[in-house]
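These values consider heavy atoms only, across backbone and side chains, with no hydrogens, waters or symmetry-generated copies. Every value quoted in this text rests on a predicted model; they were computed, and no experiment measured them. This chain uses plain numbering: 1 for the first residue, then up along the sequence. Order of listing sets the numbers, starting from 1, for every ligand and every atom in it.
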Amino acid sequence: MADVIATCDVAIVGGGPGGSTLGALLRKQGRSVCIVERDVFPRFRIGESLLPFSMDTLGATGVLPKIEAGGFMHKHGARFVVDETLEEECFWFRNGLDDGHPMAYQVQRAPFDKLLLDHAVELGVKLYQPLAATGFRVEPDRAVLATTGGNIEAQIVCDVSGRWTFMSSQQKQRRIHPSHRKITVFGHFRNVTRCEQDPGNIIIARFGETKMGWFWLIPFSDGTTSVGVVADSAYFRESGKSPTEFFRQSVASSRSIGPRMKNAEPCGELRSEADFSYTSERHVGDRLIKIGDAGAFIDPVFSSGVFLSVKAADMAAEKIAKAFDTGDLSEKAFADYERMVRRGTKVFWAFIDAFYNKDFLNRMVTSRRRPLLQKSITSLLAGDIYNENNQLISYLTGEGGAYADSEVAELLG
Ligand SMILES: Cc1cc2nc3c(=O)[nH]c(=O)nc-3n(C[C@H](O)[C@H](O)[C@H](O)COP(=O)(O)OP(=O)(O)OC[C@H]3O[C@@H](n4cnc5c(N)ncnc54)[C@H](O)[C@@H]3O)c2cc1C
């Protein structure tokens, strides 16, 4: 029998943005919280462009002044480009349906994740690092998290382990998105030419119509820029190239990114990942909740990952508070959380499907002529995905309803 190393209300697996945010919010409720993080921070992580609608949750934890003091790059908008035609449009967050979310940050995740985790610890989270979670079980009166250092007994265990999907993997509940197999190759570079309208904007450039892929350019305040290519796995395999050669060739043949990378110097080795879109059969169980990438991950074209993770942490914290109040920690008590998470993922998936549709991107980059469409797109890009007044959401998710003949539908149709 393993030693019990800690007892707490909530045990969290993973000290990334989702885990730290959840820990901080629960401490603000007065709960006792343990976070188990297996890596030593600071450490590299991809996922560097934040969305404005994350700022509310980060504000609620009290960490925003520290992020601002950290000197991260301000992000006011997103620029989308069609590589073949060089048609493009900048979407400014201040012009969304909701005008209260004008900016976010571009962050190197090594210092950013450390800052969030340190903040959670400052609020009283007990951090076990480096320590890996290895298993879990649920008993009638507790949940037990097994780690390489011993057991942690908690009332609730939350899995915020990112794309390692600690719980879903053990439960065999992870499902890779079958028609969305992608590879990505990325790195940090010096001397990349940034967005001319605002050097803090992210640039997304799609190439090869719907079949091939897209680039991201994410500028940092130290002058370096994160550049990545995401491509269809089949297209990558057919190229017969190594990931690094594939990246170089993609950049060289790009009309929009090639010139921006003309004088670029890599800051280190390129990295790659594959098959990174999946979901989980269930997001909750008795005394169990999965948050962020641990539950689902979708194509990163709209920089939604950190937002979805901290937003889910926010929604989970609210349901956990209620569960402790009522004494009901069963799967049923968290059903509404699962519904909200699935809703958010569905909205982004619909938007992502549209991006991979040639005609939609063409309409996106010419949307200046269609002010309502542009506002609606801007809101989605900011992360305003639960906004019931956004007609584009109803249109993209096929929920039409009252909006079936709306102005947005007409503009897109
Ligand atoms: C190519 C690509 C580009 C992306 N670009 C963006 C972007 O621009 N913007 C954006 O918002 N998102 C982006 N993302 C997504 C982003 O990386 C994630 O959505 C985000 O990091 C999720 O945060 P998290 O806290 O849920 O998980 P993570 O950040 O993955 O944190 C999970 C933590 O859990 C720890 N852990 C894992 N297993 C265990 C264990 N067994 N025991 C203890 N600890 C454990 C890990 O060490 C890690 O620190 C991108 C993803 C990809 C693949």
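Both the sub-6.0 Å distance and the 45° axial angle are not jointly satisfied by K114 relative to the ring of F112. A cation-pi geometry, defined here as NZ or CZ lying under 6.0 Å from the six-membered ring centre and within 45° of its normal, holds between K182 and Y356.
Heavy-atom proximity to L131, at under 4.0 Å, picks out these atoms of ligand 1: 43 (C). Ligand 1 places these atoms under 4.0 Å from at least one heavy atom of D293: 18 (C), 19 (O), 20 (C), 22 (C), 26 (O). The atoms of ligand 1 that sit less than 4.0 Å from any heavy atom of S309 are 23 (O), 24 (P), 25 (O), 26 (O). For ligand 1, the atoms sitting less than 4.0 Å from at least one non-hydrogen atom of G305 are 10 (C), 11 (O), 12 (N), 15 (C), 19 (O), numbered in the order shown with element in parentheses. Residue D39 approaches ligand 1 through these ligand atoms, each under 4.0 Å from one of its heavy atoms: 47 (O).
In terms of protein heavy-atom proximity, atom 29 (O) of ligand 1 is closest to R109 NH2, 2.8 Å. In terms of protein heavy-atom proximity, atom 35 (C) of ligand 1 is nearest to E37 OE1, 3.3 Å. Summary of contacts: the protein heavy atom closest to atom 11 (O) of ligand 1 is V306 N, 2.8 Å.
Around atom 41 (N) of ligand 1, the closest heavy atom drawn from A133, A294, G16 belongs to A133. The option from S54, G47, P17 that lies nearest to atom 5 (N) of ligand 1, judged by heavy atoms, is G47.
Contacts between I46 and ligand 1 below 4.0 angstrom, taking non-hydrogen atoms only, involve backbone and side chain alike. When heavy-atom distances to ligand 1 are checked against a 4.0 Å cut-off, S303 comes that close through both its backbone and its side chain. The proximity of R45 to ligand 1, defined as any non-hydrogen pair under 4.0 Å, is limited to the side chain.
Using cut-offs of 30° and 60° on the angle between ring planes, the pair F207 and F215 is tilted.
Outside the 6.0 Å centre-distance limit, the rings of F220 and Y105 are not counted as a close aromatic pair.
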